[in-house]
Amino acid sequence: MTVDLRCSSQARARDTSPTGTAVAASIHVLVDTPLPWPADLSATPLHQAVSEAAGPGVRVHGVVPGPSELGGVRVVAHVAGVGPFTGYRRHAGTAASADAVPGLVRAMLAGDHEQSGTDVLVCGHGARDRCCGSLGTALFQKVDLPGAAVWRSGHLGGHRFAPTAVVLPSGTAWAWLDDELLATIVERSRPPVDLIAHYRGSTAVSHPAGQVAEAAVFALVGWSWLDGPCTVEIAEGAAGATEWEVAVAGAGAAWHARVREIGRLPQPVCGSDEPGRKDDPVLELTDLVEERP
């Protein structure tokens, strides 16, 4: 009998929950980055220059360039802004060369080049992980999403959940996708409660426990949760806490949640059935109460 030792398959077989694993960022910058990619795109000169130009809270995503005849370097920036999260503000443009990219990014952060649209990042970073390289690239090649720009991107975090994707400007991160499921998410053709087992969390929420609480409210409220201002706040606690009080507000209501860590689960390693050196907290939502005025 053949045993599937891909990390994505192992994680699914273990019934691992992806919720609480979204990689948070206050700024997402997509920048054309020609293949082949090294395992760590953040170490490349272009990505370092973009990161320095954008400052704290940025996540730089390398994306496969479009047709060469277009010329220049495409750049898309999604910026969360200050205050309650209302979706990322999208800015898009083309730099004449790689040297001009940091200046274009700074202009975008200052408010220039604002442009509406939906961007779907599908991780196809094979040099980083073979599950993303094979499963993610296959998904990118197959998916058809009219009205959205679909990008084959570098590492999105969580290759054990491949194929993975991030949808912007909503900032939702997703696990174990296929083309029909990704289309359902982008088109919002099924209620979130039906899809929540694939939801990694909001990239606008920095704490894993906050992502778990936000996911529960998202499933409860529906897609309209993404269309208005919302806040997710973790009550201050002692360092090393394993239980958190979370305040979630949006869609004209507010909730109090309690999330606790009930264990740790080693991350699977591609090609091996031995436990990995990294592990994930196993988080459980123990209480969710809507606050009455």
Side-chain angles (χ1 to χ4, degrees), residues 6-9 18 21-23 25 27-47 50-51 58-78 88 90-95 98 101 104-105 115 117-187 198 200 203 270:
R6 290 179 297 183
C7 64
S8 178
S9 299
T21 68
V23 180
I27 304 168
H28 294 273
V29 178
L30 289 59
V31 58
D32 274 348
T33 306
L35 296 168
W37 291 337
D40 184 6
L41 277 171
S42 68
T44 63
L46 176 57
H47 284 228
V50 171
S51 182
V58 67
R59 185 162 180 85
V60 184
H61 304 277
V63 294
V64 175
S68 58
E69 63 266 20
L70 293 178
V73 181
R74 296 175 302 171
V75 180
V76 179
H78 287 265
Y88 294 88
R90 183 182 188 270
H91 308 261
T94 302
V101 169
L104 177 57
V105 170
Q115 188 178 114
T118 299
D119 296 292
V120 180
L121 281 65
V122 178
C123 182
H125 196 161
R128 184 80 177 212
D129 179 79
R130 66 184 184 183
C131 284
C132 292
S134 58
L135 301 175
T137 301
L139 174 61
F140 167 77
Q141 293 171 338
K142 187 176 182 181
V143 71
D144 180 22
L145 299 173
V150 183
W151 311 78
R152 178 185 168 190
S153 83
H155 184 52
L156 296 177
H159 41 253
R160 60 200 177 281
F161 304 119
T164 65
V166 170
V167 180
L168 296 164
S170 65
T172 56
W174 301 90
W176 297 317
L177 297 168
D178 57 37
D179 58 317
E180 292 183 2
L181 182 57
L182 184 53
T184 294
I185 290 165
V186 174
E187 296 166 0
H198 296 268
R200 296 183 61 194
T203 67
C270 260

Checklist outcome for this item: Nearest heavy-atom contact between Gly157 and Arg200 is O-NH1, 2.8 Å
Checklist entry - Minimum heavy-atom separation for His61 to His47, with atom names? => result C-CE1, 4.0 Å
Checklist entry - Minimum heavy-atom separation for Pro38 to Thr44, with atom names? => result CG-CG2, 3.8 Å
Item to check | Considering all heavy atoms, the nearest Leu177-Ile185 contact | outcome: CD2-CD1, 3.7 Å
Checklist entry - With a 4.5 Å limit on heavy-atom distance, are the side chains of Asp144 and Asp179 in contact? => result no
Next on the checklist: If I take atom CG from residue Leu182 and atom CD from residue Glu187, how far apart are they, to the nearest 0.5 angstrom?
Outcome noted: 9.5 Å
Next on the checklist: Are Cys123 and His159 packed together at the side-chain level, in the sense that at least one heavy-atom pair is separated by less than 4.5 angstrom?
Outcome noted: no
Checklist entry - Hey, does Leu35 have a side-chain heavy atom less than 4.5 Å from the side chain of Arg152? => result yes
Next on the checklist: Return the CG to NE2 distance between Leu41 and His125, rounded to the nearest 0.5 Å.
Outcome noted: 4.5 Å
Checklist outcome for this item: Rounding to 0.5 Å, atoms NE2 (His78) and CG (Asp119) come to a distance of 3.5 Å
Checklist entry - Do Pro34 and Asp32 come within less than 4.5 Å of each other through their side chains, counting heavy atoms only? => result no
Item to check | Rounded distance [0.5 Å steps], CZ in Arg130 versus OG in Ser8 | outcome: 11.5 Å
Checklist entry - So, Thr164 side chain and Phe161 main chain: donor-acceptor pair closer than 3.5 Å or not? => result no
Checklist entry - Would you say Arg128's side chain and Ala39's backbone share a donor-acceptor pair under 3.5 angstrom? => result yes
Checklist entry - Could you give the distance from OG1 (Thr203) to OH (Tyr88), rounded to the nearest 0.5 Å? => result 3.0 Å
Next on the checklist: How close do Trp37 and Gly124 get, counting heavy atoms only, and between which atoms?
Outcome noted: CZ3-O, 4.3 Å
Checklist entry - Closest approach of Phe140 and Val150, non-hydrogen atoms and distance? => result CE1-O, 3.6 Å
Checklist entry - Do the side chain of His198 and the main chain of Trp176 share a donor and acceptor less than 3.5 angstrom apart? => result yes
